[in-house]
Amino acid sequence: MMTLEDYLEQDARLYPDKTAVVCGNEHLTYARLWLLVRERAKSISHPRGTVILFRASQDIDFLVTYFAIHLAGCVAAPLEKDTPEPRFQELEQSLEGVVAQEGIADVLFTTGTTGKSKGVMISHRTIVADAENLIAGQGFSHELTFIVHGPLNHIGSLSKIFPLIVQGATVYILDGMKDLDTFFQALDYPCEKMATFFVPANVRMITQFAAGRLSQYAEKIDFIESGGAPLPHADMLELCRLLPHTRLYNTYASTETGIISTYNYNDGRCIAGCLGHTMPHSSIIITPEGRISCQGDTLMSGYIGEPELTATVLRDGTVYMSDLGRIDEEGMLHIGGRQDDVINVGGFKVAPTEVEDAVLMLPEIRDCICISASHPITGRALKLLVVLDDGQKLDKRRVARFLSSKLEAYKVPLLYEQVDAVRRTYNGKLDRKAYNE
């Protein structure tokens, strides 16, 4: 089996002068990138299987370091670039003397939004399987330039590097999406077709503040993938309107499962909550409890140094997720929220994502989160925190009436609060853990 570095070497031989990576004013050809990787690998003196921690800078040096660690026979463990030094040292000490099993390429640390952070072991085989899934499911091609602006220590962005290298395409690295002007400058890059990956927060920001500008690139943007959390239906519909000829994908993926299924919702139906058919290296089963469980070559190898914790999730070649879902008559996956996130109110179970998806249809609401809160009469009740457009004031009755027209009565929150911002993790997911009482 070829590794990602084998593909990189092949690219340098077949397309030596093709631009491999762009970052700011710096451009690197495949020949130059491969040379830098080989030189960096020679400077790594750690024994094979050593887990090497490093901060995930959003630049070309990240790619050089990442590939070089693999080429030296070691394991890459990228951390968030702003990881505090005490945390970095703590993880370094915990991995001291640890030698990963043969075939492990990466250790990716989860964000810990639903518990403590865990080191997920990803194999070289998994990386190539993820790449082949994305190529088959979304059409990554040699001519593509893909804008990567999310953190490269997270599977959502890192996984896009895989098919780009396999296909000998071009990676365009940005440091986040805070500066929309820089993002649109990237879209001006001279190439045949472009693509990118958005978390839901990115979609909402760009459709609210730069919808007109985005629509100007409707013919150039080949596809956009969304992931990390369910994309509100209102935002799906808006992207379809702005980019009528662009393939728009919702994907089911996680650090533990790899890239599993995808759905182009710009198919004329725009089915909310649909995550499509599984890709070639993956399959899904739904447990009797309704939990999504995944099989195939894209699965993790386990949590590093934690065999007991691994056994709670990975058993007999199956990863059991906390996500609830179903398979429809077409064989497509539909997600129903996380089992851990379900709120029990008066004996009724409510998926907060359903409430959030509905309220985001209101044009004045920029962001929101539905949580469980104490209530003097019912004990527990649904509470909706909303961020409104500048100058807007929360009309609780209007929001409640609107939700009553969309949801069953028990799903309509009793409590409402206007806030300046909703807490999110660094990769854009709602930080539900921060609101636990």
Side-chain angles (χ1 to χ4, degrees), residues 1-5 7 56 66 70 75-78 100-101 103-111 114 117-140 146 148 150-167 197 199 225-230 249-263 275-286 291-304 309-310 312-323 325 327 332-333 335 338 427 429:
M1 183 204 76
M2 290 179 68
T3 67
L4 199 60
E5 287 64 44
Y7 280 105
Y66 179 74
H70 290 169
V75 176
Q101 64 200 63
I104 298 301
D106 298 343
V107 172
L108 303 180
F109 288 90
T110 62
T111 57
T114 57
S117 181
K118 302 175 286 288
V120 180
M121 293 186 290
I122 306 296
S123 70
H124 288 283
R125 177 188 179 196
T126 286
I127 285 175
V128 174
D130 278 333
E132 292 176 348
N133 269 3
L134 286 167
I135 291 166
Q138 298 180 352
F140 278 74
F146 196 100
V148 175
L152 284 165
N153 60 299
H154 184 262
I155 193 68
S157 293
L158 182 61
S159 64
K160 305 310 172 290
I161 303 298
F162 307 160
L164 295 170
I165 296 300
V166 169
Q167 294 290 70
F197 171 81
V199 295
E225 182 194 11
S226 299
Y249 292 104
N250 271 342
T251 298
Y252 186 72
S254 72
T255 316
E256 285 88 348
T257 64
I259 316 300
I260 298 295
S261 68
T262 198
Y263 166 59
L275 295 166
H277 293 99
T278 53
M279 292 181 267
H281 292 288
S282 305
S283 61
I284 290 174
I285 56 174
I286 305 297
R291 291 171 61 186
I292 297 171
S293 302
C294 304
Q295 299 174 332
D297 292 340
T298 65
L299 303 186
M300 71 170 182
S301 300
Y303 298 120
I304 191 162
L309 183 60
T310 297
T312 66
V313 176
L314 175 60
R315 299 186 296 277
D316 299 322
T318 303
V319 168
Y320 293 88
M321 302 297 291
S322 295
D323 298 315
I327 304 293
M332 295 198 294
L333 174 66
I335 195 164
R338 289 181 63 87
N427 58 8
K429 291 183 181 180

key: Residues forming a ring-ring contact (aromatic ring centres under 6.0 Å, His included) with Tyr66, sequence neighbours excluded   = Phe62, His70
request  = Could you grab the distance from atom OG of Ser282 to atom CD of Glu132, nearest 0.5 Å is fine?
outcome  = 11.0 Å
request  = Could you tell me the separation between the OG atom of Ser322 and the CD1 atom of Ile292, rounded to the nearest 0.5 Å?
outcome  = 10.5 Å
request  = Drop me the distance from Ile335's CD1 to Asp323's CG, to the nearest 0.5 angstrom.
outcome  = 4.0 Å
request  = Please report the C-alpha distance between Gln138 and Thr262 in whole Å, then the side-chain angles of each, then the deciding distance to 0.1 Å, and finally whether the side chain to side chain donor-acceptor pair (under 3.5 Å) criterion is met.
outcome  = CA-CA 8 Å; Gln138 298 180 352; Thr262 198; 3.1 Å; yes
Check: Met321 and Tyr252 side chains under 4.5 Å, non-hydrogen atoms = yes
Ile127/Thr3 under side-chain contact (heavy atoms from CB on, under 4.5 Å): CA gap, chis, key distance, verdict = CA-CA 8 Å; Ile127 285 175; Thr3 67; over 6 Å; no
request  = Please report the shortest heavy-atom distance between Ile259 and Asp130, naming the atom on each side.
outcome  = N-OD1, 2.9 Å
ask   = Is a side-chain donor or acceptor of Ser159 paired with a backbone partner of Ile155 at a separation under 3.5 angstrom?
value = yes
query = What pairs with Ser123 under side chain to side chain donor-acceptor pair (under 3.5 Å), at least two apart in sequence or on another chain?
reply = Thr126
ask   = How long is the span from the OG1 atom in Thr310 to the OH atom in Tyr303, to the nearest 0.5 Å?
value = 7.0 Å
inquiry  = Testing the basics here: between Gly227 and Phe197, what is the closest heavy-atom pair and its distance to 0.1 Å?
reply    = N-CE1, 3.6 Å
request  = I would like to know whether Lys118 and Thr255 meet side-chain contact (heavy atoms from CB on, under 4.5 Å); could you show each step before the answer?
outcome  = CA-CA 10 Å; Lys118 302 175 286 288; Thr255 316; over 6 Å; no
query = Any side-chain heavy-atom pair from Leu333 and Thr278 closer than 4.5 angstrom?
reply = no
inquiry  = Return the NE2 to CD1 distance between His277 and Ile327, rounded to the nearest 0.5 Å.
reply    = 9.0 Å
request  = Report yes or no: does Ser157 contribute a side-chain atom to a donor-acceptor pair with the main-chain N or O of His154 at less than 3.5 Å?
outcome  = no
message = Test side-chain contact (heavy atoms from CB on, under 4.5 Å) on Leu152 and Ile161; report intermediate values, then the result.
response = CA-CA 9 Å; Leu152 284 165; Ile161 303 298; 4.2 Å; yes
ask   = Yes or no on side-chain contact (heavy atoms from CB on, under 4.5 Å) for Val75 and Ile304, after CA distance, side-chain angles and deciding distance?
value = CA-CA 11 Å; Val75 176; Ile304 191 162; over 6 Å; no
task = Compare every heavy atom of Phe140 with every heavy atom of Gln167, then report the nearest pair and how far apart it is.
result = NE2-O, 3.0 Å
task = Of all the heavy-atom pairs spanning Ile104 and Asp106, show the shortest one and how long it is.
result = CG2-O, 3.6 Å
task = Decide yes or no for Leu314 and Met300: does some side-chain heavy atom of the first lie under 4.5 Å from some side-chain heavy atom of the second?
result = yes
message = I need the Tyr320 OH to Arg315 CZ distance, nearest 0.5 Å.
response = 5.5 Å
query = Side chains of Thr298 and Asn133: is there a donor and an acceptor less than 3.5 Å apart?
reply = no
key: Non-hydrogen side-chain atoms of Ile122 and Val107 separated by less than 4.5 Å   = no
key: Thr110 side chain reached by Glu256 side chain, heavy atoms, under 4.5 Å   = yes
request  = Identify the heavy atoms of Asn153 and Pro78 that sit nearest to each other, and give their distance.
outcome  = CB-O, 3.4 Å
ask   = Looking at Phe109 and Ala77, what are the two nearest heavy atoms and their distance?
value = CE1-CB, 4.4 Å
